[in-house]
Participant: 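Structure incoming, see below.
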Amino acid sequence: MKELSLDKTSNSAATITRDVPCPFCGILCDDLVIQNQGETLKILENGCPKAISAFETKLVATSPKINGTTASLDDAISAMSDILKNSRTPLISGLGTDAGGMRQVMHLADKTGGIVDHMHGDALTRNSLVLQDLGWITTSMTEIRNRADLIIFAGTDATKYPRFFERTIWNKKSMFKLKNEERQIVYIGNKLETKSGINPNGKRPSVLSCKTEQIGEVISSLHALVTGATLDVSKVAGIETKTLQSLADKMKAAKYGVIVWSPSELDFPHAELTIQNFCEIVKYLTRFTRFAGFSLSGNDGSTTANNVCAWQSGYPLRVNFNKGYPDYDAQRYSTRNALKNKEVDSLLWISSFSSNVNPPRASIPTIVLAKPDTKLNFKPDVFIPVSTPGVEHTGQLFRTDSVVSLPLKKLRESSCASVHSVLKQLIERI
Amino acid sequence: MYTKLTNGIVYDPVHGINGEHRDIYIHDGHITRKPLGNAKICKTYDLKGKIIMAGAIDIHTHIGGGKVNIARMMLPEDHATDLVEKTELTRSGCGYAAPSTLTAGYRYAEMGYTACFEPAMLPSNARQTHMEMADTPMVDKGAYAMLGSDDFFLRMLASKKDQAAISDYVGWTINATQAMGIKVVNPGGISAFKFNQRKLDLDELNQYYGVSPRDIIKSLARAVTELGIPHPLHVHGCNLGVPGNLDTTLETIRAVDGMRMHLTHIQFHSYGTEGDKKFSSGAAEIAEAVNKNPNISIDVGQVLFGQTVTASGDSMLQYAGHWHAHPKKWVVMDIECDAGCGVVPFKYRDKNFVNALQWAIGLELFLLVDDPWRIFLTTDHPNGAPFTSYPHLIRLLMDRSFRNDMLASINKEAAAASTLASIDREYSLYDIAIMTRAAPAKSLGLKNRGHLGSGAVADITIYSNNKDKEKMFSKPDYVFKDGELIVRNGKIIKVVNGATHTLRPEYDNGIEKSLKRYFEDFQTVSLGNFKIDDDEIVEHGNGRIIVQPCM
């Protein structure tokens with residue numbers, strides 16, 4: 001891939017944009033200050049390592065390619081349309097895009113009779129199954145920031161969301177005068193990085209170590225304890241029963257407790273049952289005090305994709321439109337199973353936030369809409385470089401709590417089209 | 001380029017036209033006077049014997065936003081038996097109680113509706129609400145911003161900020177969220193629930209702020225009046241669904257002291273505690289109060305039997321009601337120190353005493369409130385029933401013998417406890433035209449909608465008269481939207497997008513200084529990103545903003 005710096009003039013005036021929402025993880029911090037000088041971006045304030053590496057990546061000039069050969073955008077879209085017109089059931093996956101891109105994805109899937117899934121579909125599905133089985137009580141970031149006096153991290157340390165603690169837990173001020181030293185942090189899980197949980201005053205968090213697969217068992221035991229039952233064992237998953245009892249007492253005494261999980265980090269078979277354990281103990285505690293669950297996810301626009309899919313089709317992700325109506329099956333229509341079971345005969349992969357994800361390899365015609373600096377480990381039938389929402393075009397993205405969405409800003413020009421625009425042109429040709 | 005509708009029978013209550021033969025001319029999306037002799041009539045529809053009304057307007061229907069989308073995601077079983085195939089014109093979708101946005105838009109149009117208003121747009125969720133409304137085709141949309149449990153307002157009220165500052169905040173919120181009105185839900189109660197209060201009556205204090213629902217309602221009603229917002233404060237009162245809430249509702253009417261107020265889904269707030277089961281109808285008392293207080297308007301929130309899902313901003317009472325979930329799953333969410341929501345699926349059963357009496361109470365209210373200009377036809381979709389049951393509800397109102405047949409089939413004790421059998425009133429087509437067109441348009445300040453006079457937007461619905469009013473209202477012969485024919489014989493023939501109605505009340509923007517500091521101190525988004533620009537609504541080409549004037 002030929003890389004060109006598009007730094008037009010190094011002495012051109014810099015423009016500075018404030019309150020920039022960052023689309024590169026699910027918590028969408030929106031206080032970044034970013035300078036654009038000659039189309040090169042520099043974060044001046046509030047960048048985390050993840051944001052810096054994503055925003056400050058130099059623009060790369062690439063062209064669309066058909067079978068590895070440079071082509072015009074118009075020809076590439078025609079080639080895409082030929083593949084999809086000849087496809088019985090396309091798989092449209094990855095779905096790393098904003099709400100505008102996702103609206104077009106849904107239209108395209110409906111029109112071509114395709115299957116839609118997200119690159120983080122497994123994580124989304126773990127939550128969806130809980131929602132559809134017994135439901136839950138959840139909360140959002142501003143509530144945690146101002147209200148939560150006990151925060152239990154179950155199977156996650158939130159390090160994939162670098163500013164989560166800064167933005168929602170350790171605050172200078174809170175609406176209800178909740179002081180940092182009044183907040184208790186607890187971790188349950190395996191080899192978690194617990195440094196962020198240290199109170200600015202030095203108070204260390206409680207850490208209950210167990211295997212990730214055993215967190216459900218620990219939570220079930222806590223559930224028994226908060227109901228007043230006693231446990232007939234001295235340890236659960238290697239944790240002393242009296243440690244659990246002490247946590248159970250804290251949970252009952254909390255005014256507003258929160259259990260935080262990250263569905264992508266609970267990556268073992270039937271992890272949805274563990275998430276359900278979180279949700280059921282939250283429900284039980286809410287009989288007496290206030291408690292809520294909070295799911296940390298939403299990277300690569302996954303919360304956005306799930307929401308747009310739900311309002312346009314009626315179902316959360318993993319929907320097949322092949323019969324002319326939406327058919328939802330969270331197992332059968334996963335990217336993995338759809339490919340393995342040969343339910344699909346073409347693949348359209350979209351990733352406009354991350355350049356380090358490769359689509360699954362499949363011996364079917366493959367179209368890739370990805371960031372120009374994506375290093376693909378194979379030559380797709382069609383490759384179209386796309387611009388990044390929130391960097392090179394405006395848009396909307398949902399935050400991990402699935403209730404707040406933010407307007408994304410355009411910070412620099414790109415020669416690449418947006419996913420929305422490519423798909424819109426494609427739909428017109430099918 | 002004129003279109004002429006001739007020989008039809010017109011019901012246009014705004015102009016006092018009650019079933020008269022009138023010709024209607026459409027030009028450039030609007031209804032016009034009869035054109036001069038040489039004007040070219042391109043198309044004439046001979047509507048002999050057919051009924052012409054303005055397009056219907058739903059003043060309270062949960063069609064978009066977070067809680068509706070939670071309901072969709074939670075209930076695949078709601079959709080599995082109600083799948084909608086794509087056609088040459090329309091997209092696929094699904095859902096009975098919680099339909100997909102596109103399906104909801106198509107169904108509304110196919111029922112003769114041309115505008116729908118989402119009543120519970122949380123400011124912190126407004127962007128999603130607008131995205132969903134933009135993806136609801138065929139009809140015009142608008143939303144009421146929900147205030148009253150948001151921390152900024154409550155702390156202003158608690159610190160006794162003057163009313164002008166509160167009105168500025170309300171005005172700012174309408175502008176920032178692109179709203180058409182203000183709604184309050186369980187005033188202060190959604191906040192109180194987060195502090196672990198489980199009930200909040202009209203004069204009980206929110207423990208943290210020390211303010212009562214009465215204070216909140218009065219302050220917001222005054223703000224709405226001072227800002228000149230056409231639609232009165234839209235109130236989902238305290239104690240929804242609680243036996244005995246009749247007294248709270250009556251006291252709420254007294255609390256506003258003559259200020260205009262809209263009491264929504266009042267059926268759920270009209271319960272007494274008489275009888276063996278300590279649950280009785282308060283419809284007569286409520287109707288009497290509504291009749292006596294011309295400042296009050298209501299919509300009913302009629303219950304109809306079957307499976308549905310309740311989706312409400314009232315997290316406190318949705319939590320309390322979760323024990324009755326059917327199927328047994330439910331969601332409650334606390335949102336941004338701003339609001340909350342609760343989603344509880346529910347099945348209303350005709351043989352269940354409480355559900356049957358709820359059904360009867362709604363109908364009693366419809367029939368005992370005298371002035372159809374102040375009572376609107378709603379089921380609080382989907383909370384009392386899906387909006388697709390409106391034609392059935394219209395038949396219940398227009399056809400006494402049908403109503404009595406239904407009454408004979410419900411729980412016997414409930415039927416005996418209701419006065420419904422003794423009420424003879426039948427709604428006329430004119431009454432229906434008022435309560436589903438003229439009155440909602442008037443209440444919302446939509447001056448050129450809800451009627452068929454010259455200058456009106458040509459949103460027009462044409463029905464074949466049928467003794468069976470359910471059949472008649474289920475399937476209009478023609479629906480025109482902005483002058484274009486979009487539905488013929490109850491089926492879509494052209495897909496349009498519809499517009500978003502908003503207001504731009506004037507306020508002192510000095511309030512933004514305190515808001516900016518407040519957002520920096522306490523919120524997890526910045527003030528600038530909280531606000532919704534016009535561009536966001538129109539950018540994908542499926543939205544158009546119509547700014548309605550304030551009073």
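Here is the naming used below: chain letters follow the sequence lines, and residue numbers restart at 1 for every chain.
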Participant: Tell me, for Asn196(B) versus chain A, whether the close heavy atoms (under 4.5 Å) come from the side chain, the backbone, both or neither.
Facilitator: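 Both the backbone and the side chain of Asn196(B) come within 4.5 Å of chain A.
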
Participant: Let me know if Lys283(A) has heavy atoms under 4.5 Å from chain B in its side chain, its backbone, both or neither.
Facilitator: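 Lys283(A) touches chain B through backbone and side-chain heavy atoms alike.
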
Participant: Report the C-alpha distance between Ile537(B) and Ile532(B) in whole Å, list the side-chain angles of each, state the deciding distance to 0.1 Å, and finish with yes or no for side chain to side chain contact (heavy atoms under 4.5 Å, CB included).
Facilitator: CA-CA 8 Å; Ile537(B) 295 179; Ile532(B) 298 168; 4.2 Å; yes

Participant: Is it the case that over 12 heavy atoms from other parts of the model lie below 6.0 angstrom from the CZ atom of Arg198(B)?
Facilitator: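 Yes.
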
Participant: Is Lys67(B) in contact with chain A via its backbone, its side chain, both, or neither, using a 4.5 Å heavy-atom distance?
Facilitator: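 Interface part for Lys67(B): neither.
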
Participant: Select one option (side chain, backbone, both, neither) describing which atoms of Asp133(A) are under 4.5 Å from chain B's heavy atoms.
Facilitator: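 The answer is the backbone of Asp133(A).
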
Participant: Answer with side chain, backbone, both or neither: which region of Ser313(A) has an atom nearer than 4.5 Å to a non-hydrogen atom of chain B?
Facilitator: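 It is the backbone, since no side chain atom gets that close.
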
Participant: Considering only heavy atoms, which portion of Glu77(B) lies under 4.5 Å from any heavy atom of chain A: side chain, backbone, both, or neither?
Facilitator: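 For Glu77(B), there is no contact with chain A at all, as no heavy atom is under 4.5 Å.
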
Participant: Chain B heavy atoms under 4.5 Å from Arg163(A): which part of the residue, side chain, backbone, both or neither?
Facilitator: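 Contact with chain B: none, neither part.
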
Participant: Tell me which of these, Phe398(A), Tyr315(A), Trp311(A), has more heavy-atom pairs under 4.5 Å with chain B than the rest.
Facilitator: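 Result: the option with the highest number of such pairs is Trp311(A).
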
Participant: Val331(B) versus chain A, heavy atoms under 4.5 Å apart: side chain, backbone, both or neither?
Facilitator: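 Both backbone and side chain.
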
Participant: Could you tell me whether the side chain of Ile137(A) reaches within less than 4.5 Å of the side chain of Phe291(A), counting heavy atoms only?
Facilitator: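 Not in contact.
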
Participant: For a quick check under 3.5 Å, do Tyr328(A) and Asn320(A) share a side-chain donor-acceptor pair by atom type?
Facilitator: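 Asn320(A) and Tyr328(A) do not have a side-chain donor-acceptor pair below 3.5 Å.
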
Participant: Out of Asp327(A), Thr138(A), Val319(A), Asn171(A), return the one with the most heavy atom pairs under 4.5 angstrom to chain B.
Facilitator: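 With the most close heavy-atom pairs to chain B, the winner is Thr138(A).
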
Participant: So, Tyr161(A) versus Phe165(A), ring centres under 6.0 angstrom or not?
Facilitator: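 When the ring centroids of Tyr161(A) and Phe165(A) are compared, they turn out to be at least 6.0 Å apart.
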
Participant: Please look at Lys173(A) and chain B and tell me whether the side chain, the backbone, both or neither of the residue comes under 4.5 angstrom of a heavy atom of that chain.
Facilitator: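 Answer is both: backbone and side chain atoms of Lys173(A) are under 4.5 Å from chain B.
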
Participant: At a heavy-atom separation under 4.5 Å, does Asp338(B) approach chain A through its side chain, its backbone, both, or neither?
Facilitator: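 Only the backbone of Asp338(B) comes within 4.5 Å of chain A.
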
Participant: Using heavy-atom distances under 4.5 Å, tell me whether Thr394(A) contacts chain B through its side chain, its backbone, both, or neither.
Facilitator: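 Side chain only.
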
Participant: Would you say Ser526(B) and Asn529(B) are linked by a side-chain donor-acceptor pair, where the criterion is simply a distance under 3.5 Å?
Facilitator: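 The criterion, which ignores hydrogens and geometry beyond distance, is satisfied for Ser526(B) and Asn529(B).
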
Participant: Kindly say whether the aromatic ring centers of Trp136(A) and Phe278(A) come within a distance under 6.0 Å.
Facilitator: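 So the answer is no for these two rings.
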
Participant: By ring pair (Phe, Tyr, Trp, His ring centres under 6.0 Å), which residues pair with Tyr96(B), not counting sequence neighbours?
Facilitator: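 Checked Tyr96(B) against ring pair (Phe, Tyr, Trp, His ring centres under 6.0 Å); zero matches.
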
Participant: So, His381(B) side chain and Thr61(B) main chain: donor-acceptor pair closer than 3.5 Å or not?
Facilitator: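 A pair under 3.5 Å: no.
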
Participant: Chain B: which of Gly135(A), Cys279(A), Ala292(A) shares the most heavy-atom pairs with it under 4.5 Å?
Facilitator: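 Greatest number of close heavy-atom pairs with chain B: Gly135(A).
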
Participant: Which atoms of Phe519(B) are under 4.5 Å from chain A, going by heavy atoms: the side chain, the backbone, both sets, or neither?
Facilitator: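 No part of it gets close to chain A.
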
Participant: Contact part of Lys86(B) toward chain A, heavy-atom cut-off under 4.5 Å: side chain, backbone, both or neither?
Facilitator: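 Its backbone and side chain both get close to chain A.
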
Participant: Who wins among Met141(A), Lys255(A), Lys111(A) for the most heavy-atom pairs under 4.5 Å with chain B?
Facilitator: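 Of the options given, most contacts go to Met141(A).
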
Participant: Specify whether Tyr319(B) and His322(B) have parallel, tilted or perpendicular ring planes, treating 30° as the upper limit for parallel and 60° as the lower limit for perpendicular.
Facilitator: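 Rings of Tyr319(B) and His322(B): tilted, as their planes differ by 30° to 60°.
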
Participant: Check ring pair (Phe, Tyr, Trp, His ring centres under 6.0 Å) between Tyr208(B) and all other residues, then give those that pass, not counting sequence neighbours.
Facilitator: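 If we apply the ring pair (Phe, Tyr, Trp, His ring centres under 6.0 Å) test to Tyr208(B), skipping adjacent residues, the hits are Phe176(A), Phe195(B).
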
Participant: So which of Ser402(A), Pro326(A), Cys309(A) has the biggest tally of heavy-atom pairs under 4.5 Å with chain B?
Facilitator: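 Answer, by heavy-atom pair count under 4.5 Å with chain B: Pro326(A).
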
Participant: Please state whether the side chain, the backbone, both or neither of Ala339(B) comes within less than 4.5 Å of a heavy atom of chain A.
Facilitator: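 Interface part for Ala339(B): backbone (N, CA, C, O).
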
Participant: For Tyr518(B), which atoms come within 4.5 Å of any heavy atom of chain A: side chain, backbone, both, or neither?
Facilitator: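 Just its side chain gets close to chain A.
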
Participant: So for Asp110(A), is it side chain, backbone, both, or neither that comes closer than 4.5 Å to the heavy atoms of chain B?
Facilitator: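 For Asp110(A), backbone and side chain are both near chain B.
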
Participant: Is Thr139(A) close to chain B through its backbone or its side chain, or both, or neither, when contacts mean heavy atoms under 4.5 Å?
Facilitator: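 For Thr139(A), heavy atoms of backbone and side chain both lie under 4.5 Å from chain B.
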
Participant: With a 4.5 angstrom heavy-atom cut-off, could you sort out which part of Pro99(B) is near chain A: side chain, backbone, both or neither?
Facilitator: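 For Pro99(B), no heavy atom lies under 4.5 Å from chain A.
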
Participant: Can you confirm whether the side chains of Glu336(B) and Ser140(A) place a donor and an acceptor under 3.5 Å from each other?
Facilitator: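 There is such a pair between these side chains.
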
Participant: Among Val403(A), Ile27(A), Asp30(A), Asp19(A), who wins on heavy-atom pairs under 4.5 Å with chain B?
Facilitator: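 With the most close heavy-atom pairs to chain B, the winner is Asp30(A).
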
Participant: What part of Arg399(A) gets closer than 4.5 Å to chain B, counting heavy atoms only: side chain, backbone, both or neither?
Facilitator: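 For Arg399(A), the side chain is the part near chain B, not the backbone.
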
Participant: Can you see whether Tyr256(A) engages Asp334(B) through a side-chain donor-acceptor pair at a distance of less than 3.5 angstrom?
Facilitator: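 Asp334(B) and Tyr256(A) do have a side-chain donor-acceptor pair below 3.5 Å.
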
Participant: Side chains of Ser421(A) and Gln425(A): do they bring a donor and an acceptor to under 3.5 Å?
Facilitator: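 A donor-acceptor contact under 3.5 Å links the two side chains.
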
Participant: Side chain, backbone, both or neither: which part of Arg290(A) has an atom under 4.5 Å from a heavy atom of chain B?
Facilitator: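 Both parts, backbone and side chain.
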
Participant: So for Arg167(A), is it side chain, backbone, both, or neither that comes closer than 4.5 Å to the heavy atoms of chain B?
Facilitator: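 Contact with chain B: backbone and side chain both.
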
Participant: Just by distance, no angles: are the side chains of Gln396(A) and Arg127(B) close enough, under 3.5 Å, to form a donor-acceptor pair?
Facilitator: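 Checked: Gln396(A)/Arg127(B) side chains show no N/O donor-acceptor pair below 3.5 Å.
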
Participant: For this output row, return yes or no: ring centroids of Tyr169(B) and Phe152(B) closer than 6.0 angstrom.
Facilitator: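 Ring centres of Phe152(B) and Tyr169(B) closer than 6.0 Å.
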
